[in-house]
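Here's the structure we're looking at; comments come further down.
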Amino acid sequence: MFDIYDDLQQRGLVHQTTDDGLQSWLNAQPRTVYVGFDPTADSMHVGHLMGLMTLHRFQLAGHKPIALVGGATGMIGDPSGKSQERNLLSVDELRQNTEAMAEQMRSFLDFDNGENAAELVNNLDWMQGFSYIEFLRDIGKNFPVNVMMGKDSVKSRLDRTDSGLSYTEFSYMLLQAYDFAHLNQQFGCEIQAGGSDQWGNITAGIDLGRRMHSVSLYGLTWPLLTKSDGAKMGKTESGAIWLSPERTSPYKFYQYWINVADDDAGKCLRFLTDLSLEEIENLDRSREDEPHRRESQKKLAESVTCIVHGDSGLHAAIKATEVLFGAEIENLTDAELLDIFADVPSVEISPDRLSGGELSMIDMLVESGLCSSKGESRRTIEQGGGYINNRRVDSLDRVLSVDDLASETVIVLRRGKKKFALARFPS
RNA sequence: GGUGGGUUUCCCGAGCGGUCAAAGGGGUCAGACUGUAAAUCUGAUGGCACAGCCUUCGAAGGUUCGAAUCCUUCACCCACCA
């Protein structure tokens with residue numbers, strides 16, 4: 001067992017705690033900690049990494065982690081940090097999402113290592129048996145509305161004139177609070193961790209535990225992971241970065257971390273990797289002294305991709321990176337190319353047009369979707385932004401031929417630095 | 001209800017009878033530099049059969065050799081007065 005509090009503290013992961021004695025309490029004996037995840041989609045995304053890694057660390061330190069998937073709370077929608085009432089998901093969607101997320105947890109937590117094996121629970125299991133009357137009598141009775149009204153998550157919504165807060169969302173914290181009390185009874189769980197926006201819900205659970213069972217519970221929040229420019233980590237113009245390879249390919253996932261700004265790299269390394277503090281400090285120094293080597297980003301991308309996608313996913317991502325950012329592409333097989341460019345859009349074109357010498361680069365860029373009009377295509381080529389197999393096209397009249405095939409039937413097109421498309425000419 | 005002002009290309013915003021596909025800025029896209037970064041610099045930025053042609057300036061009509069620019073009607077927005 002190592003000092004988890006000290007570890008979290010040094011990594012900057014302690015935002016708020018409910019008790020100053022938390023550190024010694026944690027070190028006294030193995031404890032059971034829980035973090036909740038709402039099943040809002042059929043995959044988790046980068047935003048969930050903080051919670052997953054926190055549980056992961058607790059487990060490494062010798063404590064018992066419980067990952068709670070909110071099958072029940074997900075039906076309500078947490079108003080914390082949300083500016084608008086949420087749309088309700090269907091029971092069916094929630095069930096699928098819950099299962100998919102549970103599967104993804106396996107990369108982060110060990111569910112069968114005996115002593116402090118992780119537990120996976122779904123609050124729907126204990127919530128669905130409740131009748132409304134029962135819940136009001138047993139649970140609701142313990143919540144003073146005036147206290148609830150004081151919570152930031154509620155207050156901020158009441159202050160808005162453009163979007164209110166439904167009774168349903170207002171009641172959300174009762175459900176989450178009950179989860180904590182319930183896990184305490186069932187698993188002896190005594191501490192709940194969460195993002196800083198969960199503070200209100202966590203303390204509500206602690207209050208409930210004291211009122212219902214006279215137990216002392218603890219809470220811990222981590223800071224929100226944001227970028228130095230204020231934006232949310234894990235969001236790109238094209239949407240969130242997901243953990244599921246179907247939604248975000250390992251290559252894209254890897255690239256996201258490779259491209260993390262220097263200013264954010266240190267934080268990400270501390271929050272999202274298992275690297276020792278000593279290693280991280282070395283990387284900090286490397287970023288300072290030889291930033292061009294980007295050791296931090298490489299290490300970060302490697303580490304995070306590996307835990308999410310495993311060794312094979314990591315290797316695929318690195319291989320793809322080498323090809324995409326390497327020299328001219330040639331002498332590869334279709335299989336290799338299609339694998340590497342798995343998440344690149346592709347168009348299928350009749351091979352006759354290739355052998356007939358009638359397929360111009362101008363048309364090709366438009367047909368592949370890299371350019372939206374011939375004018376744009378023309379411009380791109382004129383400015384040196386059009387590439388075939390990573391080799392720049394220098395003439396507006398360039399016509400594609402069978403000699404341009406990078407593999408049996410594929411030509412790799414590129415616009416600018418990073419936008420690729422595949423043209424396939426199946427025979 | 002009355003009187004003025006507005007509606008411009010992705011956004012903001014100039015233009016006020018021909019030299020207007022329409023200044024300038026932002027954004028975006030390419031290029032250079034670089035570290036697959038940031039900053040910076042350069043170029044591009046309606047479509048096409050691209051030294052030319054076609055379609056755009058709230059909508060529909062009209063005046064004129066010619067209109068984003070003038071007139072009429074309609075729609076929406078803003079300001080001031082009731």
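Treat the numbers as computed from the prediction; the structure is a model and nothing was measured. By convention in this document, chain letters (A, B, ...) are assigned in the order of the sequence lines, proteins followed by strands, and residues within each chain are numbered from 1.
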Kindly state each residue pair satisfying salt bridge (charged side-chain N to carboxylate O under 4.0 Å, His left out) with at least one member in residues 44-71 of chain A, sequence neighbours excluded.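 For residues 44-71 of chain A: A/D7-A/R57, A/K64-A/E119.
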
Salt bridge (charged side-chain N to carboxylate O under 4.0 Å, His left out) partners of residues 407-427 of chain A, not counting sequence neighbours, each pair once: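 Residue pairs passing salt bridge (charged side-chain N to carboxylate O under 4.0 Å, His left out), neighbours aside: A/E348-A/R424, A/E376-A/R415.
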
Check whether more than 12 heavy atoms from other residues, nucleotides or ligands sit under 6.0 Å from atom CG of A/D20, and answer yes or no. no

Step through the shown structure and confirm whether more than 12 heavy atoms of other residues, nucleotides or ligands are within 6.0 Å of NZ on A/K299. no

If you measure from the [atom1] atom in [N] to the same atom in [M], how many Å do you get, rounded?
{"N": "B/C54", "M": "B/G4", "atom1": "C1'", "value": "39 Å"}
{"N": "B/A21", "M": "B/A67", "atom1": "C1'", "value": "15 Å"}
{"N": "B/C53", "M": "B/C41", "atom1": "P", "value": "37 Å"}
{"N": "B/C50", "M": "B/G58", "atom1": "C1'", "value": "31 Å"}
{"N": "B/G61", "M": "B/C10", "atom1": "C1'", "value": "30 Å"}
{"N": "B/C76", "M": "B/A59", "atom1": "C1'", "value": "11 Å"}
{"N": "B/U3", "M": "B/U72", "atom1": "P", "value": "14 Å"}
{"N": "B/G47", "M": "B/U9", "atom1": "C1'", "value": "13 Å"}

Using a 4.0 Å heavy-atom cut-off across all strands, classify [X] as base, sugar-phosphate, or nothing.
{"X": "A/Y387", "answer": "sugar-phosphate"}
{"X": "A/K419", "answer": "sugar-phosphate"}
{"X": "A/R414", "answer": "nothing"}

Tell me whether A/R353 is salt-bridged to A/D363, with the criterion being a basic N under 4.0 Å from an acidic carboxylate O. no

Using salt bridge (charged side-chain N to carboxylate O under 4.0 Å, His left out) as the criterion, list what pairs up with [X], not counting sequence neighbours.
{"X": "A/E302", "value": "none"}
{"X": "A/R391", "value": "A/E328"}
{"X": "A/E322", "value": "none"}
{"X": "A/R95", "value": "A/D92, A/E99"}

Going 5' to 3' along nucleotides 35-44 of chain B, which nucleotides have protein heavy atoms under 4.0 Å from the base (write B), which only from the sugar-phosphate (write S), and which from neither (write -)? BBS-----BS

Using whole Å, what does the distance between atom P of nucleotide B/C50 and atom CZ of A/R378 come to?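 After rounding, the gap between these two atoms is 6 Å.
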
Is there any side-chain hydrogen bond (donor to acceptor under 3.5 Å, both in side chains) pair reaching into residues 243-258 of chain A, and which pairs are they, with sequence neighbours excluded? A/D42-A/R247, A/S244-A/E246, A/S249-A/D343, A/Q255-A/T321

What is the base-pairing partner of [N], counting Watson-Crick and G-U wobble geometry with both distances under 3.5 Å?
{"N": "B/C57", "result": "none"}
{"N": "B/A23", "result": "none"}
{"N": "B/A79", "result": "B/U3"}

Counting only non-hydrogen atoms, which of residues 356-374 of chain A are less than 4.0 Å from RNA chain B?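 Going residue by residue through residues 356-374 of chain A, the ones with a heavy atom under 4.0 Å of RNA chain B turn out to be A/S373, A/K374.
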
Any ring pair (Phe, Tyr, Trp, His ring centres under 6.0 Å) involving residues 288-344 of chain A? Give me the pairs, sequence neighbours left out, ordered by first then second residue.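 Sorted pair list: A/F253-A/H309, A/F341-A/F420.
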
Sequence neighbours left out, what pairs pass ring pair (Phe, Tyr, Trp, His ring centres under 6.0 Å) with at least one residue falling in residues 351-399 of chain A? none

Strictly under 3.5 Å: I want the nitrogen or oxygen pairs between protein and nucleotides 20-22 of chain B, one per line.
none

